[in-house]
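The block underneath contains the structure these notes are about, expressed in structure tokens.
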Amino acid sequence: MTRVEKIRASLKEKGIDALIVLDELNQHYLSGFAFTDGMLLITMEKAFLITDFRYYEMAQNEAYSDYEVLIPEKRVEFVAKVLKDEGCLTLGFEGGSISFAQYERLCRDYSFCKLVDIENMIEAQREIKDRTEIELMQKAQDITDSAFAEVVKHITPDMTEIEVAAELEYFMRRLGASGLAFDTIAVSGDASALPHGTPRNVKLRRGFLTMDFGAKYKGYCSDMTRTVVIGKADQEIRRLYETVKQAQLAAIDFIKAGRDAAECDKVARDIIDANEEYKGAFGHSLGHGVGLFIHESPRLSKVAGGRALRVGEIVTVEPGIYLYGKYGCRIEDMVAVEENGVYNFTHSTKDLIEIL
């Protein structure tokens, strides 16, 4: 079944005759084409990609064949005619992503239909990635891995955190990224204890340098974190790093289809908390889903009990230890859930790297 056919089946199950899609990521997912002005209209008989002149030719070439690409002069009148011609009495909308003003407009423009919130119908379909999506995400991660390999050749203690972040972004772009999956993190010294710290215009501090970054490729995200050491690593730094690495490898080894999301988190958390010095220093969840958006469902979290992982879901595995006022360390890979384990997209080394 195509993505449109799957959505139609879900709509039919809920007694919804047609669907208007306004969220840009959902539009991209369902149509295969990324655009910022327009909508998708899906009925039980037809599917339309409605946009303007700027996107028309690209949409003709890139959108899935399920869609008829149109640039109607009066969009509301066109959509209303389609709905009336097909006898649609119920119209689905994305209650979780449109504004109240948009909702009011839909009520006014299509008052002859009963509006029904589809809730997370499309997002739930997006959770399971198909082969094409996995290939695109592998390409995004290959770019990210290569950028890390390049940047570690160029880092010197005289660089600033902002310069490291800029180098990572430059290499990702140069290697073929269509954009950034999120704002690049590159923080050193005591700032490495801030899981989502912002790069500063200061020279790299001794101790850990944590780099969390990702590329976008044809709309799909990658996500990885590697932590290196500026200067020589002492015994304490090595012990902390190896604890994070051990927790991450144990979690990756544990994850497979059917595993409870909270249990995956617990495997890594127990290893970190077993050391009294680090107990409670892993303050965030183990991981999150990734796809067209950098933070998707499912979450690998201690509050996600009862959520079994499924084949085709893609999640990050990113335990960390953060000693505030001192330093912190995180190691992150992106993996796809399989029947008997995971497929790991990430190939960068996890050996401790010292920048001397």
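This structure is a prediction, so every number in the text was calculated from the model and none was measured. Hydrogens, waters and symmetry mates are skipped; everything else that's a heavy atom, side chains included, is used.
A salt bridge is absent between D66 and K46; no separation between the charged side-chain nitrogens and carboxylate oxygens falls under 4.0 Å. A salt bridge is defined here as a Lys NZ or Arg NE, NH1 or NH2 lying under 4.0 Å from an Asp or Glu carboxylate O, and K129 with E313 fails to meet this definition. K266 has no carboxylate O lying under 4.0 Å from a charged side-chain N of E263, or vice versa, which leaves the two without a salt bridge.
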Item to check | Worked verdict on Y278 versus R239 for side-chain contact (heavy atoms from CB on, under 4.5 Å) | outcome: CA-CA 11 Å; Y278 306 143; R239 183 171 65 250; 3.7 Å; yes
Item to check | Intermediate values then yes/no, side-chain contact (heavy atoms from CB on, under 4.5 Å), L300 and S285 | outcome: CA-CA 6 Å; L300 304 182; S285 60; 5.9 Å; no
Item to check | Test log, rule side-chain contact (heavy atoms from CB on, under 4.5 Å), inputs Q60 and Y67 | outcome: CA-CA 9 Å; Q60 290 273 35; Y67 291 89; over 6 Å; no
Checklist entry - Step by step, would you call M211 with I155 a side-chain contact (heavy atoms from CB on, under 4.5 Å)? => result CA-CA 12 Å; M211 294 168 282; I155 296 175; 4.0 Å; yes
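For F182 and H295, the ring centers are positioned 6.0 Å apart or more. Aromatic ring centroids of F171 and H154 lie under 6.0 Å apart.
I122 and L41 are members of different hydrophobic clusters when ILVMFWY side chains are connected at heavy-atom separations under 4.5 Å.
Distance alone, capped at 3.5 Å, places no donor-acceptor pair between the D145 side chain and the T346 backbone.
If you check the side chains of T36 and Y55, you find a donor sitting under 3.5 Å from an acceptor. Donor-acceptor pairing under 3.5 Å is recorded for the side chains of T316 and E318. Residues T144 and S222 bring a donor and an acceptor atom of their side chains to less than 3.5 Å of each other.
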